[in-house]
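Notes follow once the structure below has been shown.
This is a predicted model, so every value here is computed, not measured.
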Amino acid sequence: MSAETYINHPNFGLLYRVCIIDEHQELFTTLYAQRLFFLVITGPDGLQFEPISRADSRLLVENRMRILRRLGNTKDYQQLQRMHHQTFF
């Protein structure tokens, strides 16, 4: 069973989730090229799409990996590590 999450951006179409950043923020990228990244913020007014650079996206993912490693969440850490390698290398 796949745990992939997709969202529809009003201009860029279908995006898929790279990872959860925190309780109200998730990182998404374009489905095919994986060159455009968006920080999707969930708030009381709905979803907000904030475009961010590839370097900033990579930094967010690496920070999330550090948090998961510190918490001892090995399964999520390994899954995110695979996603990091597929997306940024």
Residue pair Leu68 / Leu80, side-chain heavy-atom distance below 4.5 Å: yes
Only counting residues at least two apart or in another chain, list the ones meeting side-chain hydrogen bond (donor to acceptor under 3.5 Å, both in side chains) with Arg64. none
Identify each donor-acceptor pair in which a side-chain atom of residues 10-31 lies under 3.5 Å from a protein atom, sequence neighbours left out, and give them as a table.
unit_1: Tyr16; atom_1: OH; unit_2: Gln34; atom_2: NE2; d: 2.9
unit_1: Arg17; atom_1: NH1; unit_2: Glu26; atom_2: OE1; d: 2.6
unit_1: Arg17; atom_1: NH2; unit_2: Thr5; atom_2: OG1; d: 3.3
unit_1: Asp22; atom_1: OD1; unit_2: His24; atom_2: N; d: 2.9
unit_1: Asp22; atom_1: OD1; unit_2: Gln25; atom_2: N; d: 3.0
unit_1: Thr29; atom_1: OG1; unit_2: Leu36; atom_2: O; d: 2.9
unit_1: Thr30; atom_1: OG1; unit_2: Gln34; atom_2: N; d: 3.2

Show me the pairs that pass side chain to side chain donor-acceptor pair (under 3.5 Å) and involve residues 38-53, at least two apart or across chains. Ser53-Asp56
In chain order, what residues pass the ring pair (Phe, Tyr, Trp, His ring centres under 6.0 Å) check against Phe89, with sequence neighbours excluded? His84, His85
Run the side chain to side chain contact (heavy atoms under 4.5 Å, CB included) test against Arg54 and tell me which residues pass, sequence neighbours left out. Arg35, Phe37, Phe88
Within this structure, what is the CE-CE distance for the pair Met65 and Met83, rounded to the nearest 0.5 Å? 12.0 Å
If you apply the rule side-chain contact (heavy atoms from CB on, under 4.5 Å), what do you find for Leu60 with Leu39, and how did you get there? CA-CA 10 Å; Leu60 284 174; Leu39 186 61; 4.2 Å; yes
Could you state whether Ile7 and Phe38 fall into the same hydrophobic cluster, counting links through intermediate Ile, Leu, Val, Met, Phe, Trp or Tyr residues with side-chain heavy atoms under 4.5 angstrom apart? yes
Nearest non-hydrogen partners of Asn8 and Phe49, listed with the distance: O-CZ, 4.0 Å
Let me have the donor-acceptor pairs involving side chains of residues 71-79, under 3.5 Å, with sequence neighbours excluded, atom names and distances please.
unit_1: Asn73; atom_1: OD1; unit_2: Asp76; atom_2: N; d: 3.4
unit_1: Asn73; atom_1: ND2; unit_2: Asp76; atom_2: OD2; d: 2.9

